[in-house]
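All of these numbers come straight from a predicted model, not from anything done at the bench. Atoms within a ligand are numbered from 1 in the order they appear, just like the ligands themselves.
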Amino acid sequence: MKILVVGGGGREHAIIKKLKENPKVTEIFACPGNGGIAKDATCVDIGAKDIPAITDFAVENKIDFCVVAPDDPLVLGCVDALEAKGIPCFGPNKNAAIIEGSKVFSKNLMQKYNIPTADYAVFADPKEVIEYIRKKNEFPTVIKADGLALGKGVIIAQNLEEAEDAVKSIMEDKMFGESGNHVVVEEFLTGPEVSVLAFTDGKAMVPMVSSMDHKRALDGDKGLNTGGMGTVAPNPYYTKEIADTCMETIFLPTMRAMNAEGRTFKGCLYFGLMLTPKGPKVIEYNCRFGDPETQVVLPLLKTDLLTVMQAVHDETLSELSVEFSDEAAACVIIASGGYPKSYQKGCVMDFGKAETLPDVIVYHAGTALKDGTLVTSGGRVLGVTATGKDLETALQKAYAAIEEIHFDGAFYRKDIGQRALAARK
Ligand code: AMP
Ligand code: GLY
């Protein structure tokens, strides 16, 4: 089978490495892929948002199955375009990807179907937002741009001044473009956060092993918000009892709600949850695998990934038993100095023995090949994942591999997994 994976980050590298385990897979293409993915797949110089070019490529190369991984092409309708040409895909149609593409949509969906989430209000007029926040006078308050914003569209304002700045940047300066035409103002929730990715074909809902992201740039959850600096799985806060509650109150109701709206979701649905004193609530939905959650979840998947993805496409997921290892996994991101602000590119990388260490996988996120040499090309450069019998072991192996890797300006968090370890005690 010839497979096409749309995307070019660490998540896509993890998906590609897993798909390669299936002996039926003869060739994998990535649009656009990256320097490290080039070792595992044929990289094609087509951007993940260039849907006409992706579709043409898939038709010309007789692709048998396509995995659309990032949010932008999904929200823009990449799956619809490929399916219109008869190419089977893993990923939601455009009318279902809106669950991530519009926070106004997802909040209204949760309200309509009684799915637990933070209280909220929606605005199109900046003056009205400020008036509402002033009257409410409850801080911190959470302000979210309606549309996609590279994971940066959420601002937690500690006072009225910060709220005014946020509203001005989003709605007037349009820092996220059209995504800021509407904003959602939300109640501030507290509690541990859990990421749960689930396979769903609209009939069955199969949650994967839970995970914990580390969003801030620096140790101790300090510094700016990033796309994610590391992950661990499973998440110790996510007990069997909480998982059962989530299935009953969140996962299945979301699946049924999307069906009832005529927007059946097929693919990987990402639940960003907060375990509040009043029970688990949805912080956000994503219409795709999380990054870097995928880099800890897929290494623990025991069932063949392509088989699961095809079952989702064929709507036969309920007939499949999807199994995960009971080991633990940790992923530590190595970033370019300065990230998430501006950073240098083109630094030559030395991997030492990292890639030969047992139970270690080095996923590439922001790397490129320059005259045959691997150089940095993005903010998040690598995701170093290790598995082990428990979280301590996985973390030790991941950090040992990191010691081997060097490039100018490289930095990483030293405390990935520490909150999870503390939670278990
Ligand atoms: P997101 O970009 O939607 O993942 O949000 C980024 C982060 O903002 C989340 O991981 C939470 O830590 C935080 N956040 C979002 N919504 C809320 C909320 N209603 N209350 C508290 N924190 C929130
Ligand atoms: N790690 C969070 C996300 O993928 O959105």
Side-chain angles (χ1 to χ4, degrees), residues 7 9-12 14-15 69-72 74-75 97 99-104 106-107 110 116-121 133 136 138-158 163 166 170 176 179 183-198 208 210-217 221-233 235 237 267-278 280-298 331-333 335 340 363 365 379-380 383 416 419:
R11 164 186 54 206
E12 288 75 14
I15 291 170
D71 47 3
D72 295 291
L74 288 167
V75 169
I99 199 164
E100 173 169 4
S102 167
K103 294 206 191 285
V104 174
S106 66
K107 294 299 287 189
M110 288 186 270
T117 188
D119 289 341
Y120 73 105
I133 293 174
K136 236 186 166 191
E138 280 172 18
F139 295 96
T141 187
V142 184
I143 301 165
K144 300 186 173 182
D146 175 39
L148 296 182
L150 296 168
K152 294 175 189 140
V154 175
I155 294 171
I156 297 176
Q158 302 294 339
I170 298 175
F176 307 118
S179 288
V183 298
V184 173
V185 178
E186 253 183 39
E187 165 200 17
F188 179 75
L189 299 177
T190 55
E193 288 184 52
V194 182
S195 305
V196 179
L197 317 181
M208 299 177 226
S210 62
S211 55
M212 182 192 283
D213 195 1
H214 298 66
K215 285 208 158 87
R216 300 296 197 96
D221 292 326
K222 304 230 162 59
L224 294 171
N225 247 324
T226 70
M229 291 299 289
T231 37
V232 297
N235 184 323
Y237 288 105
C268 172
L269 185 51
Y270 170 125
F271 297 91
L273 306 172
M274 198 173 266
L275 308 180
T276 78
K278 291 187 189 160
K281 295 193 181 190
V282 178
I283 289 282
E284 62 162 347
Y285 292 115
N286 291 327
C287 65
R288 52 173 174 86
F289 284 99
D291 190 338
E293 283 89 348
T294 307
Q295 291 91 310
V296 286
V297 169
L298 288 188
C331 174
V332 181
I333 300 292
Y363 294 119
R380 292 189 296 173
I416 299 302
R419 213 155 14 99

Just wondering, do Val142 and Val154 contact through their side chains at under 4.5 Å, heavy atoms?
yes
Looking at atom 9 (C) of ligand 1, what's its closest protein heavy atom, distance included?
Glu193 OE1, 3.5 Å
Less than 4.5 Å apart, side chain to side chain, heavy atoms only: is that true for Leu273 and Ile283?
no
The protein heavy atom nearest to atom 13 (C) of ligand 1 is Ile156 CD1, 3.9 Å
Which ligand 2 atoms does Asp213 reach within 4.0 Å, using its non-hydrogen atoms?
1 (N), 2 (C)
Answer with side chain, backbone, both or neither: which part of Arg288 has a heavy atom less than 4.0 angstrom from an atom of ligand 2?
side chain
Show which atoms of ligand 2 fall inside a sub-4.0 Å distance from at least one heavy-atom site of Gly290.
4 (O)
Among all protein heavy atoms in this structure, tell me which lies nearest to atom 5 (O) of ligand 1, with the distance rounded to 0.1 Å.
Val154 CG2, 3.5 Å
Atoms in ligand 2 with a heavy atom of Glu293 nearer than 4.0 Å
1 (N), 2 (C), 4 (O)
Please step through side-chain contact (heavy atoms from CB on, under 4.5 Å) for the pair Ser211 and Glu293, ending with a clear verdict.
CA-CA 6 Å; Ser211 55; Glu293 283 89 348; 3.2 Å; yes
Which ligand 1 atoms are under 4.0 Å away from a heavy-atom of Lys215?
4 (O), 10 (O)
Of all the heavy-atom pairs spanning Ala157 and Ile143, show the shortest one and how long it is.
CB-CD1, 4.3 Å
Assess the residue pair Val183 and Lys144 against the criterion (side-chain contact (heavy atoms from CB on, under 4.5 Å)); give the C-alpha distance rounded to whole Å, side-chain angles, the decisive distance to 0.1 Å, and a yes or no.
CA-CA 5 Å; Val183 298; Lys144 300 186 173 182; over 6 Å; no
Does any part of the side chain of Met229, heavy atoms only, come nearer than 4.5 Å to the side chain of Lys215, both counted from C-beta?
no
Proximity to ligand 1 by part of Leu189, non-hydrogen separation under 4.0 Å:
both
Pick one of side chain, backbone, both or neither for how Thr231 approaches ligand 2, counting any non-hydrogen atom pair under 4.0 Å.
neither
Does Asn225 reach the side chain of Arg216, with side-chain heavy atoms less than 4.5 Å apart?
yes
Below 4.5 Å, heavy atoms only, C-beta onward: do Ile156 and Phe188 meet side chain to side chain?
yes
Looking at Lys107 and Glu186, does any basic side-chain N land under 4.0 Å from a carboxylate oxygen?
yes
The atoms of ligand 1 lying under 4.0 Å from a heavy atom of Glu187, numbered in the order shown, are 18 (C), 19 (N), 20 (N)
Within 4.0 Å of some non-hydrogen atom of Gly227, the atoms of ligand 2 are 1 (N)
Can you check whether Tyr285 and Tyr270 have ring centres sitting under 6.0 Å from each other?
no
My understanding is that only one of Ser179, Ser102, Ser106 makes a side chain to side chain donor-acceptor pair (under 3.5 Å) with Asp146; could you say which?
Ser102
Hey, which atoms in ligand 1 end up nearer than 4.0 Å to a heavy atom of Lys144?
15 (C), 16 (N)
Contacting atoms of ligand 2, where contact means under 4.0 angstrom from a heavy atom of Asn286:
3 (C), 5 (O)
Ligand-residue contact atoms, ligand 1 with Glu186, heavy atoms, under 4.0 Å:
16 (N), 18 (C), 19 (N)
Please report the shortest heavy-atom distance between Asn235 and Glu193, naming the atom on each side.
ND2-O, 3.1 Å
Using distance alone, determine whether Lys215 and ligand 2 share an N or O pair under 3.5 Å.
no
Ligand-residue contact atoms, ligand 1 with Glu284, heavy atoms, under 4.0 Å
1 (P), 3 (O), 4 (O)
Atom 2 (C) of ligand 2 sits nearest the protein heavy atom Tyr270 OH, 3.4 Å
If you scan protein heavy atoms around atom 17 (C) of ligand 1, the nearest is Ile283 CD1, 3.6 Å
